[in-house]
Student: 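My questions will all concern the structure given below.
Values below: every heavy atom of this structure, side chains too, minus hydrogens, waters and symmetry copies.
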Amino acid sequence: MNANTAPRIGYRAMSTLAVIVGIVGITLQFLPDWQFFSIFLSVVVLGSLIGSSKEFDAGDRQQLGRSYKFTLEWLMMSVFAAYAVIELSHWVAFFGGAAAFLNEHWSGLVLSLMCLLIGIAGLQRAPE
């Protein structure tokens, strides 16, 4: 097969893959020594989704553009929540373990969460 006849994966399939990789990536953060694999998977899927956007039809490209906004908003909210947990850990010893986990795994968590959120946004119906 040459490049012109290779089957192309659609936008909904890529969004579904992003959701799956996001969930798997977050899960892999809890396993020892799997953080790098989680980061690798997330970068590959995000890069593939964004890089293949020229191949999507106009409606799917528009949906992808809207999903960036959704992802950024929710990612910022999750960063604020993580910051709140880290700050609470200074006063409440119960949050100490969670703060240590967030500090150790922040890069993998952020990339996996980006995959999850951009996939969820891509699977939502476009406003009519």
Student: Out of curiosity, R66 CZ to Q124 CD, how far, rounded to the nearest 0.5 Å?
Tutor: 10.0 Å

Student: Which pairs pass side chain to side chain donor-acceptor pair (under 3.5 Å) with one or both residues in residues 14-33, sequence neighbours excluded?
Tutor: Q29-S38, Q29-H105

Student: Using the rule that Ile, Leu, Val, Met, Phe, Trp and Tyr join whenever any side-chain heavy atoms are under 4.5 Å apart, tell me whether V21 and I50 fall into a single cluster.
Tutor: yes

Student: CZ of R12 to CD of Q63: how many Å apart, nearest 0.5 Å?
Tutor: 9.0 Å

Student: Assess whether atom CZ of F36 is packed by more than 12 heavy atoms of other residues, nucleotides or ligands within 6.0 Å.
Tutor: no

Student: Taking the inter-plane angle between the rings of F56 and Y11 on a 0 to 90° scale, is it parallel (under 30°), tilted (30 to 60°) or perpendicular (over 60°)?
Tutor: perpendicular

Student: Using 30° and 60° as the class limits, which term best fits the ring planes of W74 and F70: parallel, tilted or perpendicular?
Tutor: tilted

Student: For the residue pair L88 and V85, establish whether any side-chain heavy-atom pair is separated by less than 4.5 Å.
Tutor: no

Student: Roughly how far apart are L17 CG and L49 CG, rounded to 0.5 Å?
Tutor: 9.0 Å

Student: For a quick test of reading the model, state the closest non-hydrogen atom pair linking A18 to V45 and the distance between them.
Tutor: CA-CG1, 3.7 Å

Student: Return the CD1 to CG distance between I118 and L113, rounded to the nearest 0.5 Å.
Tutor: 11.5 Å

Student: Grab the two heavy atoms, one from I120 and one from V19, that are nearest each other, plus how far apart they are.
Tutor: N-CG2, 3.5 Å

Student: Same cluster for F40 and V43 if Ile/Leu/Val/Met/Phe/Trp/Tyr side chains link at under 4.5 Å?
Tutor: no

Student: Is it true that W91 and Y83 fall in one hydrophobic cluster, defined by side-chain heavy atoms closer than 4.5 Å?
Tutor: no

Student: Can you tell me how far apart CG (L117) and SG (C115) are? Round to the nearest 0.5 Å.
Tutor: 9.5 Å

Student: If you measure from CG on L109 to CD1 on I39, what distance do you get to the nearest 0.5 Å?
Tutor: 9.0 Å

Student: Would L72 end up clustered with V79 when hydrophobic side chains under 4.5 Å apart are linked, directly or stepwise?
Tutor: no

Student: Of all heavy-atom pairs between Q35 and G108, which one has the smallest distance, and what is that distance?
Tutor: NE2-N, 3.7 Å

Student: Against L116, only a single residue in L111, T71, I23, V24 fulfils side chain to side chain contact (heavy atoms under 4.5 Å, CB included); can you say which?
Tutor: I23

Student: Would you check if M114 and S42 make a side-chain contact, meaning some heavy-atom pair closer than 4.5 Å?
Tutor: no

